[in-house]
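Quick notes on the structure that follows.
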Amino acid sequence: MNTDKYKILLQNCIKPGRYTGGEINEVIKDKEKIDLRFCFCFPDIYEIGMSNLGIRILADVLNNKENYWCERCFAPWTDMEKQLRDTKTPLFALESGDPLSEFDMLGFTLQYELSYTNVLNMLDLAGIPLFTENRGYDDDLSMYPLVVGGGPCTYNPEPVADFFDLFLIGEDEESILELTELYLDCKSNRKGMKKSEFLHIAATRISGCYVPSLYEVTYNDDGTIKTVAPKYQDIPKTVKKRIIKDLDKVSYPTKPLIPFLDIVHDRIVLEVFRGCIRGCRFCQAGMVYRPYREKSAATLDRCAAVSFENTGYSEISLSSLSISDYMQLDELIDNLLAWTDENKISLSLPSMRIDAFYEQLMEKVMSVRKSGLTFAPEAGTQRLRDVINKNITEQEIISACSKAFDGGRDSIKLYFMNGLPTETDEDVSGIALLAQKIVDEFYSIKRPRRGVNVTISVSCFVPKPFTPFQWEPQDSLNELERKQKLLKDSIKTKKISYKYHDAKTCRIEGVFARGNRRLSAALAEAVRAGQRFDGWDEYFDYNKWLEIFNRTNIDPGFFANRRIRFEETLAWDHIDAGVTKQYLIKEAQKAYNAEVTPDCRTACSGCGAGCSDNE
Amino acid sequence: MEQVRLFFRKIGNIRYISHLDLQRTMSRILMRSGLDIAFSKGYNPRPKLAFAVPLSIFHESEYEILDFKLNTDTAAEEIGEKLRNLLPQGLEIFRITEPKEKISACRTARYRLTMTTSKSADEIRELLSGEIKVLKKTKTREEECDISPQITDMYFYERDGFVIMEATLESDNANYLNPNYITAFLGDNIDYCLIRRLCLYNSRGQPMT
């Protein structure tokens with residue numbers, strides 16, 4: 001882009017490269033030949049946004065169309081925000097440098113509840129009204145950009161429903177093209193069409209397209225939801241998420257943009273499969289990305305080789321949930337190692353389940369380069385691991401660590417959660433006990449020159465929509481903080497490093513995760529009050545949030561800490577994520593009895609996600 | 001050649017990319033080029049790169065130097081061919097040779113400062129005619145010091161509404177003077193200043209080869 005008009009702003013930023021584009025493999029097109037201009041807006045900084053695979057896939061899908069130009073915009077860091085506000089310069093896209101208000105569509109990806117304030121702040125910085133109703137709802141479609149949302153948080157988009165014209169629920173590679181085609185058709189062939197008319201047509205024609213303004217929410221006296229109903233007969237009662245049936249046929253970016261800046265995940269990312277066969281009961285990803293679908297090893301190997309030629313990256317990362325469930329894993333790793341080794345490319349794997357496959361795999365991957373090892377047992381005792389359906393035993397954990405020590409590693413990281421349903425103090429101190437057993441294992445098998453380090457990283461349980469635990473209350477803040485201290489006191493050695501998430505952050509996440517439309521008032525107020533980057537410790541301000549909730553008459557406990565009855569209408573009941581409520585209830589009840597459910601390959605649990613094999 | 005010295009320009013938007021980020025970018029480009037690059041030994045093998053004098057973020061340059069090593073003897077033309085198309089906009093290779101002197105032989109650097117200012121060239125010259133006292137950060141503290149002895153061959157003129165200053169600054173490892181100190185000294189007298197490095201010189205005052 002031509003940075004001339006922004007040069008003074010850029011001069012006053014610590015990392016101007018976040019805003020200037022120009023990276024290798026950036027897509028630049030001639031504005032004059034473009035029919036549709038789309039801008040992906042990522043509500044966090046460049047280094048985080050550029051690491052997101054979803055927007056890279058979708059930008060690629062859009063830019064493959066000759067007459068579309070998809071650009072990028074990231075939340076400006078506070079130094080740039082100050083410059084923009086002081087000089088009254090509207091927020092602009094990286095490729096063209098044009099203000100966001102000049103685009104046909106803005107696509108926000110909602111990855112994390114605490115980025116909602118950044119979404120609103122970006123709209124505000126672009127000079128675009130926050131609420132749908134103030135963006136020319138009954139005026140010409142082209143008066144304002146269409147504000148579109150996607151990403152995992154759209155499985156309960158209600159807290160931000162009033163700010164978005166529409167959401168695309170599920171996997172968007174197909175629906176985003178249906179949307180843009182419909183938009184172009186309406187814009188060019190039916191001049192003067194109102195935005196409200198367009199939204200109505202989109203909601204009826206495009207599967208997975210949720211237009212919040214076409215649904216009426218009514219409440220009971222106690223604040224719970226009475227009904228969510230479409231305002232018109234032809235609008236679907238529930239919006240079904242989209243999935244891509246054949247992942248080998250869907251387009252995948254093999255000419256990824258190479259950032260100059262040191263982004264969080266700076267490597268070739270191979271998406272191996274979508275979905276998960278495991279069914280951990282706290283895990284939203286494991287439920288909403290069902291059914292399980294694989295890419296073939298041949299497709300992936302080809303994709304990796306082309307990506308390497310186009311980028312020169314020296315690391316390839318396999319991306320998926322629970323990678324050891326991939327049925328062609330051996331073949332894939334062997335194919336990759338056949339050429340990656342000589343090119344000095346290392347392979348990295350996502351966090352893994354600890355099981356038999358794992359050991360073999362580790363030996364192979366370790367032959368290239370040793371990277372840190374992370375496991376996620378999630379809970380400290382067998383009882384609680386059964387409650388959450390983690391399906392791994394203590395013995396499996398110890399034996400995997402033992403293998404790693406044999407292989408020459410002396411550092412292991414373990415993820416856990418505090419505040420899981422039914423958790424007792426014994427479960428909490430069980431985390432320390434398990435870590436201790438791993439330390440003991442290290443000393444039982446070798447006489448090392450160096451010591452061992454076991455890091456336990458503990459987050460707080462946040463009940464998420466479309467999980468068997470969606471009805472569970474989150475532990476109160478006091479209780480979470482008490483458990484964190486209890487765990488700290490249970491650790492008896494310096495060989496165990498203990499890290500934990502701020503419970504206050506988790507509580508605000510909990511409020512928005514299960515929130516409803518009444519929270520939009522709090523979000524608008526928060527942005528007025530200058531809240532942004534809530535996911536960043538240096539800007540998160542819990543007391544300010546409490547004041548905001550107070551001013552907008554919202555009880556955060558109602559959303560985060562209340563047990564929801566199975567019969568209650570949920571804020572997200574009109575979204576269909578595949579898994580049925582019946583299945584989720586059955587799983588919740590099994591959890592209370594610490595009863596496990598086998599993985600999908602062992603036995604179908606009838607979740608409703610619709611794999612071709614069983615349903 | 002096996003020892004390769006690249007001379008390149010860094011002009012335009014690429015000035016917003018820091019030295020560290022440029023190092024990584026160059027390393028990727030070499031990885032991708034298909035050249036038989038010599039890697040560092042050890043845990044995380046990487047191409048071995050050596051830059052002359054690091055260029056600050058926001059500065060352009062017409063004379064940057066990068067050394068690297070190949071495992072096989074390769075002609076300059078072939079190296080140029082394999083690299084040129086991979087460079088991002090703003091990076092441009094203009095010479096490829098075997099190094100004739102050590103990369104650490106650099107002693108001074110010539111800069112051009114293009115200033116947006118309401119002052120005239122004479123007024124800016126006047127401001128810079130005596131001692132130039134600036135706050136310099138050392139590892140432990142800030143101290144005021146006069147940088148004028150480190151600046152030679154100053155030259156001022158006006159063109160296209162800009163005041164332009166050219167000067168040669170000490171640039172060896174021990175006594176590197178960043179031209180940002182000059183703009184810091186001028187402070188509010190200027191609104192904006194684009195700094196461009198024009199050349200790197202050895203101890204004999206000749207351009208580095």
Side-chain angles (χ1 to χ4, degrees), chain A residues 1-26 28 46-47 80 94-95 97 255-263 266-268 305-315 340-346 348 366 368-371 408, chain B residues 10-49 56-60 71 82-91 114-117 162 180 183-184 190-195:
Chain A
M1 86 187 194
N2 182 352
T3 53
D4 245 22
K5 64 177 169 176
Y6 301 122
K7 66 181 182 190
I8 303 217
L9 282 68
L10 292 166
Q11 193 84 22
N12 291 310
C13 292
I14 300 166
K15 289 192 178 174
R18 286 169 173 163
Y19 314 105
T20 53
E23 306 95 326
I24 298 170
N25 294 342
E26 180 192 37
I28 297 290
Y46 179 92
E47 292 90 323
M80 183 50 139
L94 261 59
E95 278 81 358
K255 204 172 177 184
L257 199 148
I258 311 166
F260 296 120
L261 302 189
D262 197 6
I263 64 168
D266 205 8
R267 54 185 85 117
I268 295 167
V306 178
S307 298
F308 173 67
E309 262 174 47
N310 286 331
T311 62
Y313 272 116
S314 55
E315 189 178 347
T340 52
D341 240 4
E342 60 185 281
N343 284 297
K344 306 269 191 307
I345 301 170
S346 70
S348 65
M366 278 205 326
V368 190
R369 200 181 281 182
K370 284 172 190 170
S371 53
Chain B
K10 187 185 180 206
I11 286 173
N13 283 354
I14 194 89
R15 72 178 185 275
Y16 294 114
I17 300 311
S18 71
H19 180 66
L20 216 69
D21 293 334
L22 181 73
Q23 280 180 316
R24 202 177 32 250
T25 301
M26 282 301 196
S27 161
R28 287 236 171 86
I29 288 168
L30 291 174
M31 288 279 290
R32 200 183 151 187
S33 64
L35 289 166
D36 188 9
I37 307 287
F39 282 81
S40 64
K41 301 272 183 294
Y43 221 50
N44 283 329
R46 292 163 193 286
K48 272 162 114 175
L49 307 183
S56 287
I57 189 165
F58 298 119
H59 296 185
E60 297 185 326
N71 292 321
K82 287 196 161 149
L83 291 177
R84 268 190 194 106
N85 292 333
L86 302 179
L87 294 174
Q89 212 182 5
L91 289 184
T114 305
M115 306 176 205
T116 310
T117 169
F162 297 104
N180 283 342
T183 51
I190 53 173
D191 300 322
Y192 184 79
C193 180
L194 179 62
I195 298 175

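Per chain, numbering begins at 1; letters A, B, ... match sequence-line order.
Remark: B/K48 NZ is loosely packed, at most 12 non-hydrogen atoms of other residues, nucleotides or ligands lying under 6.0 Å away. Within 6.0 Å of CD on A/E26 lie more than 12 heavy atoms contributed by other residues, nucleotides or ligands. The local environment of CG in B/N85 is sparse, with at most 12 non-hydrogen atoms from other residues, nucleotides or ligands closer than 6.0 Å.
For B/L20, no part lies near chain A; criterion is any non-hydrogen pair under 4.5 Å. Of the atoms belonging to A/Y19, not a single heavy atom falls under 4.5 Å from chain B. For a residue to count as touching a neighbouring chain, one of its non-hydrogen atoms must lie under 4.5 Å from one of that chain's; by this rule A/Q11 touches chain B with backbone and side chain alike. For A/N25, the part lying under 4.5 angstrom from a heavy atom of chain B is the side chain only. With a 4.5 Å cut-off on non-hydrogen atoms, B/I29 touches chain A through its side chain but not through its backbone. There is no contact between B/L194 and chain A, counting heavy-atom distances below 4.5 Å.
Put simply, the side chain of B/I37 does not reach to within 4.5 Å of the side chain of A/K344, judged on heavy atoms. Side-chain contact between B/R28 and A/D266: present, with at least one pair of heavy atoms (C-beta onward) separated by less than 4.5 Å.
Chosen from B/P88, B/S27, B/S18, the residue pairing most often with chain A at heavy-atom distances under 4.5 Å is B/P88. For the options A/N310, A/N2, A/N343, A/D4, heavy-atom pairs under 4.5 Å to chain B are most numerous at A/N310.
Shortest non-hydrogen contact noted between A/D262 and B/R24 is N-NH2, 3.0 Å. Counting all heavy atoms, side chain and backbone alike, B/M31 lies closest to A/S314 at CE-CB, 3.5 Å. The two atoms that bring A/C13 and B/F58 nearest to each other are O-CZ, 3.7 Å, heavy atoms only. Of all non-hydrogen atoms in A/I14 and B/I57, the two that sit nearest each other are O-CD1, 4.5 Å.
Taking a cutoff of 4.0 Å between a charged side-chain nitrogen and a carboxylate oxygen, A/K15 and B/D21 do not qualify as a salt bridge.
Here the CG atom belonging to B/N13 is positioned 12.0 Å from the NZ atom belonging to A/K7, to the nearest 0.5 angstrom. Considering OG1 of A/T20 and CD1 of B/I17, their distance stands at 5.0 Å, rounded to 0.5 Å.
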- prompt: For A/I258 and B/R32, what are the C-alpha separation, side-chain angles and deciding distance, and is it a side-chain contact (heavy atoms from CB on, under 4.5 Å)?
  reply: CA-CA 12 Å; A/I258 311 166; B/R32 200 183 151 187; 4.2 Å; yes
